[in-house]
Every structure is written in C-alpha cells, then in structure tokens.
Amino acid sequence: MTFRNLLVEDAGAVRRITLNRPDKLNALNHDTLTELHQAFAAAADDPGVRVVVLTGAGPKAFVAGADIAEMNGLTPAQARDFSRHGQRLMSRIEQLGKPVLAMVNGFALGGGLELAMACHLRIAADTAKVGQPEINLGLVPGFGGTQRLLRLAGRPAALELCLLGQPIDAARAAALGILTRVVPAAELEAETLKLANQLANAAPQALRGILDAVLVGGEAALDAGLEFETQVFAVTFSTEDMKEGTSAFLARRSPNFTGR
Ligand code: COA
C-alpha cells in the first residue's frame with residue numbers, strides 16, 4: 001500500500017506510520033485524513049501487526065494541526081464533514097483493538113494533539129510542545145479535542161488549553177496526564193520502540209481486552225464497566241496465550257505469545 005502523505009514500514013510486528021508532509025509540519029488536510037483512515041484499517045486487518053507507532057516526519061513537528069490553508073476556504077457544511085472525517089479517524093484509532101503509540105517528536109498542536117490523544121500511549125521528546133491553539137484562529141477544536149482533553153486531563157486543563165490557546169511544554173503536559181512519558185529527544189525513537197516491542201511480545205487478545213475495557217469503562221457506570229471487565233476476563237481463559245502465560249510463570253521461563 002503506497003500513500004502520498006504517509007510512510008508505512010514494518011519492523012517485525014510493529015508497524016510505523018509516519019505523517020510525511022514535513023514542509024507543512026505534517027498538517028492534516030482532507031487527503032491525509034483519508035490516507036490515515038486507510039492505513040489504520042489495514043493495520044487493524046493485518047494479523048501480522050500487533051502494535052502501531054504513529055509519528056511525524058522532519059525535525060520540528062509531530063503534527064502542527066489541521067491544515068489551515070484548506071480550512072480557510074471551507075463552507076460550514078464542508079467544515080462539518082471535515083470535522084466528522086477527523087473525528088471518525090480518531091475513533092478508529094482509539095477502537096483499533098491493538099495498541100497505538102504516538103511518538104511525539106515535536107509540535108502536537110490542534111489536530112496534532114487530537115491525533116495523539118486518540119492513541120493509547122503518548123511518548124514525547126522533551127522538546128515537544130502540545131496545545132489546542134484553535135481559539136487563535138477563531139475556531140474550536142473539531143477532531144475531538146474538547147472531549148478527549150477533558151477525559152484525559154480534566155476540566156481545568158481542557159479549559160486552560162482550549163481557552164488560552166497557548167502551547168505547553170512536554171514536562172507540564174506529562175504532569176497534567178496528557179503525555180504518558182517524556183524522554184530526551186535523542187532517545188525518543190529507542191524508548192518508543194522499546195515499549196512497542198514490549199507490547200508486540202505481549203498476548204494480543206489480553207491487550208485487546210484491556211483496550212476495550214478501559215474504553216468502554218470510561219463512558220459507562222461503574223457496574224456496567226465492571227461487568228464488561230468480567231466478560232473480557234473470562235474470554236482470556238479461552239486463549240492458548242493465557243495457558244502459556246500462566247504456565248511459563250510457573251515453570252520460571254519466558255512466555256511465547258502467539259495470539260491464539
Ligand atoms: N496548517 C497548514 N500549514 C501549516 C500549519 C497548519 N496547521 N502549521 C504550519 N504550517 C505550514 C506553514 O504555513 C509553513 O508553510 P510555508 O513554508 O509554505 O509558509 C510551514 O508549515 C512551516 O511553518 P512555520 O509557521 O513557518 O514554522 P515555525 O517554526 O515558524 O512555526 C508553529 C511553527 C507550529 C508555531 C506554526 O507553524 C504554527 O503556529 N502553526 C499553526 C498551529 C495551529 O494553529 N494549529 C491548529 C490548527 S487548527
């Protein structure tokens with residue numbers, strides 16, 4: 001599968017998707033959103049892919065936002081479609097059923113932060129800056145930013161970032177819970193791939209159960225979330241990987257998870 005605005009490469013079971021419009025700081029235009037939809041659908045369908053790493057090309061940016069030049073000419077009806085196109089992509093990533101790591105190599109602004117927040121883990125360079133600067137353009141976030149930031153970091157952070165539109169540095173974003181981990185820029189790739197490989201060696205169906213349970217539970221009453229967790233827990237007992245993981249522990253050896 002080849003794309004105009006993405007690079008896709010595999011290393012073992014880790015698929016790396018790189019947004020590749022560095023001259024526009026990897027801004028998300030309509031075509032790039034469409035390509036991301038296709039790339040994530042392909043990653044979901046490919047049993048050889050256990051983990052996805054998403055990053056941006058070039059030294060400056062993960063993604064500097066939705067494409068402002070393209071948005072400048074949109075009618076309200078087109079803007080509604082653009083928002084839905086972006087929101088569906090974020091939901092597709094969130095619901096992929098395989099862990100997705102955002103490797104935040106620089107600016108993650110607007111749609112860039114929304115994209116990173118749809119990923120399950122966010123590993124950032126200490127030089128990265130994140131924010132929701134849409135207010136400075138007379139806009140509101142349109143790819144889920146108001147909702148996912150609220151859920152990730154609570155009302156104070158969501159209101160501060162969206163109302164003031166001022167990017168914050170990676171250390172503060174981690175302290176607010178927006179970033180999972182911050183590492184020196186020179187170590188970003190190695191640290192991210194270390195985590196990706198750890199996840200690639202974990203039991204895929206158990207990973208999926210955790211992803212699903214946390215996602216469902218985030219929107220459910222506690223009893224409903226607990227019941228969902230029980231069902232997911234029980235399903236893992238039907239897998240060979242559960243037998244392998246528990247047997248390996250008892251035999252004091254490393255498990256070999258096959259995905260069955
Ligand atoms: N949409 C479209 N193009 C963008 C963009 C975006 N969100 N962000 C950056 N670009 C383009 C610039 O227009 C410029 O293109 P040009 O060289 O053809 O003029 C190129 O990317 C480089 O950006 P530039 O602004 O020159 O880089 P910088 O290092 O001076 O500043 C930022 C970096 C991130 C501070 C600045 O680009 C910026 O504020 N971007 C917009 C952020 C934003 O508001 N995002 C939310 C959008 S809803």
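Start at 1 and go down the list; that is how both ligands and their atoms are numbered.
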Taking only non-hydrogen atoms of Ala27 and a 4.0 Å limit, the atoms of ligand 1 in range are 1 (N), 2 (C), 6 (C)
Considering heavy atoms of the protein only, find what lies nearest to atom 45 (N) of ligand 1 and give residue, atom and distance to 0.1 Å.
-> Ala64 O, 2.9 Å
Between Glu191 and Lys194, does at least one N-O distance fall below 4.0 Å, as a salt bridge requires?
-> yes
Does Arg4 CZ have over 12 foreign heavy atoms under 6.0 Å away?
-> no
Is at least one protein non-hydrogen atom found at under 4.0 angstrom from atom 12 (C) of ligand 1?
-> no
Polar side-chain atom of Arg151 near backbone of Gln147 as donor-acceptor pair, under 3.5 Å | yes
Qualifying residues under salt bridge (charged side-chain N to carboxylate O under 4.0 Å, His left out), relative to Asp126, sequence neighbours excluded = none
Just to confirm, does any protein heavy atom lie below 4.0 Å from atom 39 (O) of ligand 1?
-> no
Examine distances only and state if a side-chain atom of Asp46 and a backbone atom of Ala42 form a donor-acceptor pair shorter than 3.5 Å.
-> no
Atom 23 (O) of ligand 1 protein-contacted (non-hydrogen atom, under 4.0 angstrom) | yes
Numbering the atoms of ligand 1 from 1, which are under 4.0 Å from a heavy atom of Met71?
-> 48 (S)
Option nearest atom 41 (C) of ligand 1 (shortest heavy-atom distance, choices Leu109, Leu137, Val63, Ile68) = Ile68
Given the options Leu7, Asn5, Leu28, Leu19 meets side-chain contact (heavy atoms from CB on, under 4.5 Å) only with Leu28
Is the closest heavy atom of Asp23 to ligand 1 under 4.0 Å?
-> yes
Considering the heavy atoms of Glu134, write down every atom of ligand 1 situated less than 4.0 Å from one of them.
-> 48 (S)
Per-atom contacts of ligand 1 with Asp67, taking only distances under 4.0 Å to non-hydrogen atoms = 1 (N), 2 (C)
Lys/Arg N to Asp/Glu carboxylate O, Glu9 vs Arg15, below 4.0 Å | no
Does ligand 1 have any atom that is closer than 4.0 Å to a heavy atom of Gly111?
-> no
Contact region, Asn136 to ligand 1, non-hydrogen atoms below 4.0 Å, reads neither
Single hit among His30, Lys24, Arg21 for side chain to side chain donor-acceptor pair (under 3.5 Å) with Asp67 | Arg21
Distance below 4.0 Å between atom 15 (O) of ligand 1 and any protein heavy atom?
-> yes
Would a search of protein heavy atoms around atom 36 (C) of ligand 1 find one under 4.0 Å away?
-> no
Side-chain H-bond candidate by donor/acceptor type, Thr32 with Asn29, under 3.5 Å = yes
Atom 25 (O) of ligand 1 - nearest protein heavy atom and its distance | Leu25 CD1, 4.9 Å
What's the verdict on side chain to side chain contact (heavy atoms under 4.5 Å, CB included) for Val130 and Phe62, showing C-alpha distance, side-chain angles and the deciding distance?
-> CA-CA 10 Å; Val130 312; Phe62 173 70; over 6 Å; no
For ligand 1, note which part of Lys24 has a heavy atom under 4.0 Å away: side chain, backbone, both or neither.
-> both
Per-residue contact class, Pro133 against ligand 1 - non-hydrogen pairs under 4.0 Å = side chain
Would you mind checking if Asp169 and Lys129 are paired as a salt bridge, meaning a charged N to carboxylate O distance below 4.0 Å?
-> no
Non-hydrogen atoms of Glu70 versus ligand 1: any pair closer than 4.0 Å?
-> no
Where does Lys60 meet ligand 1, judged by heavy-atom distances below 4.0 Å: at the side chain, the backbone, both, or neither?
-> side chain
Looking at atom 27 (O) of ligand 1, would you say a protein heavy atom lies below 4.0 Å from it?
-> yes
Do His37 and Arg92 have side-chain atoms, one donor and one acceptor, less than 3.5 Å apart?
-> yes
